[in-house]
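Worksheet: the structure to be examined is printed underneath.
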Amino acid sequence: MPTITKNLIIINVLFFLGGFVANSYGIDLADYLGLHFFMAEKFNAAQLFTYMFMHGGFTHLFFNMFAVWMFGRILEQVWGPKRFLLYYIVCGVGAGIIQEVVQLIQYEVQLSAYDSVNIGSAIIPMSEYLNMMTTVGASGAVYAILLAFGMTFPNQQLFIFPLPIPIKAKYFVMGYALIELYSGFANNPNDNVAHFAHLGGMIFGFILIMYWKKKNNGTHYF
C-alpha cells in the first residue's frame with residue numbers, strides 16, 4: 001500500500017479510537033475537532049482541517065477508508081504521494097467550506113428570524129443550536145477521490161453491489177453525483193448526511209484536476 005494512503009487510513013483509525021479514550025474522560029473529541037458552523041461560538045478555523053479525521057461511527061469510518069484504500073492507492077501510484085496528499089487535503093477543506101456556505105443559507109432562510117429552536121425534546125437558545133451544527137468525516141475528500149478515479153480511468157469497469165453487471169467508472173461517478181445532488185435538495189429532516197459537502201469535495205477536485213491538466217498542456221497525466 002502506498003505511503004500516503006496507508007498513513008491516512010492509520011491516522012483516521014487512531015482518531016476514531018482516540019475518540020473512545022477521550023469519551024472515557026468525559027471529553028467529546030468530535031465537539032473540539034468537528035467542523036462547527038462558523039457563526040457558532042465553538043467554531044475554530046482549524047476545524048476545516050481536523051474535521052476530516054473524525055467520524056460518526058464505525059460504518060462511517062469503514063466505508064470512507066475502504067474507498068481511500070480501493071481508489072486512493074491507485075491515484076497515489078499515478079500522481080505520486082505529494083500531489084495525492086495535496087489533492088486530498090484541498091478537497092477535504094473545500095468540502096468543509098461548501099458545507100459552511102450551505103449552513104449559512106439554511107441559517108438565513110430558516111433560522112435568522114428566531115432566537116430559540118424547538119428540537120423536539122426541548123426549546124434551546126439559538127446560540128446552543130448553532131453549536132450543534134457540526135460536520136465530521138472524510139467523505140468530501142473521498143468523493144473527490146472517486147471523481148479523480150473516474151476522470152483518470154473513465155472506462156475502467158467496476159463491479160458495484162448490487163448491480164449484476166460491471167459499470168464504467170465515469171458512469172459510477174456521475175451516478176453518485178446525481179444521487180448526492182438529489183439527496184441534498186430533497187432535504188429530508190431525518191437525513192443527517194452532509195450531501196453538499198460531498199458535492200463540494202467533487203467540485204474542488206474537478207477544479208484542481210482541470211488546473212493540473214491545463215498546466216500540463218492538456219495531457220492526461222495530472
Side-chain angles (χ1 to χ4, degrees), residues 1-9 11-12 48-49 51-53 55 60-102 135 137-185 193-222:
M1 192 186 306
T3 302
I4 298 301
T5 300
K6 178 177 67 177
N7 286 335
L8 284 173
I9 294 173
I11 292 170
N12 276 275
L48 283 166
F49 175 78
Y51 90 100
M52 290 184 279
F53 301 100
H55 286 84
H60 190 201
L61 172 73
F62 175 80
F63 283 106
N64 273 347
M65 293 306 100
F66 180 77
V68 170
W69 170 79
M70 186 172 182
F71 301 104
R73 61 191 174 92
I74 298 173
L75 290 173
E76 184 178 349
Q77 290 169 349
V78 173
W79 289 350
K82 291 183 180 179
R83 180 159 290 191
F84 175 67
L85 179 60
L86 175 65
Y87 181 82
Y88 185 94
I89 297 300
V90 167
C91 294
V93 172
I97 292 172
I98 295 298
Q99 178 68 2
E100 291 289 314
V101 172
V102 170
T135 304
S139 299
V142 167
Y143 271 74
I145 287 175
L146 296 180
L147 173 79
F149 185 87
M151 292 181 68
T152 309
F153 308 100
N155 296 314
Q156 178 67 45
Q157 299 280 354
L158 301 174
F159 282 94
I160 307 298
F161 181 83
L163 298 179
I165 58 174
I167 182 174
K168 290 184 178 180
K170 58 185 176 183
Y171 300 130
F172 168 69
V173 171
M174 286 188 285
Y176 250 111
L178 290 174
I179 291 172
E180 289 300 308
L181 187 63
Y182 170 79
S183 299
F185 281 109
V193 177
H195 297 288
F196 286 109
H198 299 172
L199 290 170
M202 298 180 87
I203 290 170
F204 272 78
F206 179 79
I207 293 171
L208 193 52
I209 287 173
M210 295 309 295
Y211 168 76
W212 284 337
K213 187 175 181 180
K214 182 178 180 180
K215 189 176 179 181
N216 291 321
N217 298 318
T219 60
H220 291 289
Y221 177 74
F222 301 133

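Under the rule for a ring-ring contact (aromatic ring centres under 6.0 Å, His included), Phe63 has no partner lying at least two apart in sequence or in another chain. For Ile74, the side chain to side chain contact (heavy atoms under 4.5 Å, CB included) partners are Phe149, Phe153, not counting sequence neighbours.
Within the model, atoms CG of Leu75 and CE of Met151 stand 11.5 Å from one another, a figure rounded to the nearest 0.5 Å. Expressed to the nearest 0.5 Å, how far CE of Met52 lies from CG of Asn64 amounts to 12.0 Å. Taking CG of Leu85 as the reference point, atom OG1 of Thr5 lies at 10.0 Å (rounded to 0.5 Å). Here the straight-line distance linking atom OH of Tyr211 with atom CZ of Phe206 works out to 16.0 Å at 0.5 Å rounding. The CD atom of Gln157 sits 6.5 Å away from the NZ atom of Lys168 when rounded to the nearest 0.5 Å. One finds the CH2 atom of Trp69 at 9.0 Å from the CD1 atom of Ile9 (value rounded to the nearest 0.5 Å).
Shortest non-hydrogen contact noted between Ala95 and Gly201 is CB-N, 3.7 Å. Between Ser139 and His198, the shortest heavy-atom distance links the atoms CB-NE2, 3.1 Å. The two residues Phe84 and Trp79 come nearest to each other via the heavy atoms CA-CE3, 3.9 Å. Considering all non-hydrogen atoms of both residues, Leu147 and Gly205 come closest at CD2-C, 3.8 Å. Shortest non-hydrogen contact noted between Ala138 and Met65 is CB-CE, 4.3 Å. Across every non-hydrogen atom of Val173 and Met202, the tightest pair is CG1-CE, 3.6 Å.
In this structure the side chain of Ile209 reaches within 4.5 angstrom of the side chain of Tyr87, judged on heavy atoms. In this structure, Tyr143 and Leu199 have side chains that are not in contact, with every pair of non-hydrogen atoms separated by 4.5 Å or more. Using a 4.5 Å heavy-atom threshold, the side chains of Tyr88 and Ile4 count as separate.
Side-chain N or O atoms of Tyr51 include one that pairs as donor or acceptor with a backbone N or O of Gly92 at under 3.5 Å. Side-chain atoms of Gln99 never come within 3.5 Å of backbone atoms of Thr135 as a donor-acceptor pair (strictly under, hydrogens ignored).
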Practice problem: Give the intermediate values and the outcome of side chain to side chain contact (heavy atoms under 4.5 Å, CB included) for residues Phe204 and Ile98. | Solution: CA-CA 10 Å; Phe204 272 78; Ile98 295 298; 4.0 Å; yes

